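The structure appears below as structure tokens.
These figures come from a predicted structure and were not determined experimentally. Numbers for residues simply follow the sequence, beginning at 1. Both backbone and side-chain heavy atoms feed into the values below; hydrogens, waters and symmetry mates do not.
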Amino acid sequence: MTDPKTPRLPSFADLAPSAHADLTALPVDGRVEDAAFVEDLAAGADLEDTVFTGCSFHRVGLSDADLNRASFGDCRFTELNAPVFRAPDSSWFNTRLAQTRLGSAELYGASLRSVRFDGGKLGFVNLRQAKLRDVAFHDVVFDELDLGAASLDRVSFTDCRVDTLTLDGAKLKDVDLRGVRFRAISGLAGLRGATIDAFQLADLAPALAAHVGLVVAD
């Protein structure tokens, strides 16, 4: 068996932002470069269409902030917290998120490229119709991960848990699921293009049999 191609990721070196900034005092639809945001509480803030480049975020609160079409390039997040995270159609590039805690995350239509998640607890994550390329998840717990109609290329999961994985209409290429423990999968046809291990295959056998209409006799 040929192993799937691994995500192509940068080193994610630490940043040295030139100035501190306040998420609640940014210009609407603005551009922010080389700024540090530390323990900002920006619940409900209007950050729609804001472009962040080379910024660091430490213990910021973004619950119910409007991040529609926001862009994050070469950014670093540590301990991001948001019971409700709204970032549909957002863009993420060369960005690392460590110890993230999100209750529900609306990321449908988002674009993630060269992104790494390290640790954290994510509740319901909606990545429907999103595009993920060169993305790695390490030690992340998901309650529900919805990848319906999403496109994934070179995506890996290591030491992760997903209670419910939804793959209806998904397109997968070089997706490594061997590092995932999951309880339920919806949209089994969407597994095409993924790599699983023998133990996962045994767990999936009853669902796969039902999916193709097999009758398993005792």
Side-chain angles (χ1 to χ4, degrees), residues 1-17 31-34 50-58 67 69-80 85 87-100 102 105 107-122 125-142 145-162 165-167 169-182 185 187 190-197 200:
M1 179 184 71
T2 302
D3 285 339
K5 296 177 181 177
T6 58
R8 299 173 183 171
L9 299 172
S11 63
F12 296 117
D14 291 337
L15 301 177
R31 303 182 69 90
V32 187
E33 296 184 8
D34 302 326
T50 303
V51 178
F52 297 91
T53 306
C55 295
S56 65
F57 302 79
H58 179 63
L67 291 162
R69 296 186 303 277
S71 177
F72 300 90
D74 295 298
C75 292
R76 306 289 182 270
F77 287 81
T78 53
E79 298 183 47
L80 168 64
F85 188 71
D89 298 316
S90 54
S91 298
W92 307 73
F93 176 72
N94 276 11
T95 291
R96 179 176 182 260
L97 299 95
Q99 301 304 320
T100 303
L102 305 178
L107 288 161
Y108 53 86
S111 174
L112 285 71
R113 182 160 186 177
S114 299
V115 175
R116 177 177 172 125
F117 291 81
D118 284 301
K121 174 70 165 62
L122 309 182
V125 180
N126 181 354
L127 279 163
R128 296 188 69 84
Q129 296 184 322
K131 295 181 179 179
L132 286 72
R133 185 168 187 176
D134 295 315
V135 177
F137 297 93
H138 294 258
D139 193 26
V140 179
V141 176
F142 300 84
L145 177 57
D146 188 347
L147 294 169
S151 175
L152 284 72
D153 185 5
R154 293 195 297 268
V155 176
S156 68
F157 294 81
T158 306
D159 296 327
C160 293
R161 191 188 82 201
V162 180
L165 177 61
T166 300
L167 292 167
K171 296 181 180 179
L172 276 54
K173 179 182 179 182
D174 289 312
V175 174
D176 193 345
L177 293 176
R178 290 173 295 181
V180 182
R181 290 181 293 121
F182 43 75
I185 293 183
L191 280 170
R192 183 181 179 88
T195 298
I196 61 175
D197 62 29
Q200 291 170 315

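In this view, R8 and D134, R154 satisfy the side-chain contact (heavy atoms from CB on, under 4.5 Å) rule, not counting sequence neighbours. By the side-chain contact (heavy atoms from CB on, under 4.5 Å) test, Q129 is found to be paired with A149, residues two or more places apart in sequence or in another chain being considered. With sequence neighbours left out, the side-chain hydrogen bond (donor to acceptor under 3.5 Å, both in side chains) criterion links Q99 to no other residue. Not counting sequence neighbours, T166 has no partner by the side-chain hydrogen bond (donor to acceptor under 3.5 Å, both in side chains) test. In this structure S71 satisfies the side-chain contact (heavy atoms from CB on, under 4.5 Å) test together with V51, S91, sequence neighbours excluded. Under the salt bridge (Lys or Arg N to Asp or Glu O under 4.0 Å) criterion, D74 pairs with no residue, sequence neighbours left out. For F117, the ring pair (Phe, Tyr, Trp, His ring centres under 6.0 Å) criterion is met by F137, not counting sequence neighbours. When the side-chain hydrogen bond (donor to acceptor under 3.5 Å, both in side chains) test is applied to K121, the partners found at least two apart in sequence or on another chain are D143. In terms of the salt bridge (Lys or Arg N to Asp or Glu O under 4.0 Å) criterion, K171 has no residue partners (sequence neighbours excluded). For D176, the salt bridge (Lys or Arg N to Asp or Glu O under 4.0 Å) test picks out R178, with sequence neighbours left out. Partners of R113 under the salt bridge (Lys or Arg N to Asp or Glu O under 4.0 Å) rule, at least two apart in sequence or in another chain, do not exist in this structure. With sequence neighbours left out, H138 forms a side-chain contact (heavy atoms from CB on, under 4.5 Å) with R116, D118, A136, T158.
Here the straight-line distance linking atom SG of C75 with atom CG of L15 works out to 7.5 Å at 0.5 Å rounding. Interatomic distance, CZ of F72 versus CZ of F57, reported as 5.0 Å (0.5 Å rounding). Taking CZ from R76 and OG1 from T95, the interatomic distance works out to 6.5 Å, rounded to the nearest 0.5 Å. Remark: D139 CG to D159 CG distance equals 6.0 Å, nearest 0.5 Å. We find the OG1-CG distance between T195 and L172 to be 9.5 Å, quoted to the nearest 0.5 Å. Rounding to the nearest 0.5 Å gives a distance of 5.0 Å between OG1 of T78 and NE2 of H58.
Remark: the backbone N or O of P88 is not paired with any side-chain donor or acceptor of S90 at under 3.5 angstrom. Under a 3.5 Å cut-off, the side chain of S151 and the backbone N or O of K131 do not form any donor-acceptor pair.
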Go through the steps to decide whether L145 and F182 satisfy the test side-chain contact (heavy atoms from CB on, under 4.5 Å), and finish with yes or no.
-> CA-CA 10 Å; L145 177 57; F182 43 75; over 6 Å; no

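A salt bridge links D146 with R128: at least one charged nitrogen is closer than 4.0 Å to a carboxylate oxygen.
Within the 4.5 Å cutoff, no side-chain heavy atoms of V180 are placed close to those of L165. Considering only heavy atoms from C-beta on, L112 stays 4.5 Å or farther from L107 through its side chain. Between L102 and V125 there is no side-chain heavy-atom pair separated by less than 4.5 Å. At a threshold of 4.5 Å between non-hydrogen side-chain atoms, the residues V115 and L97 count as touching. The shortest side-chain heavy-atom distance between L67 and F85 falls under the 4.5 Å cut-off.
Residues A110 and A87 approach most closely at CB-O, 4.5 Å, considering heavy atoms.
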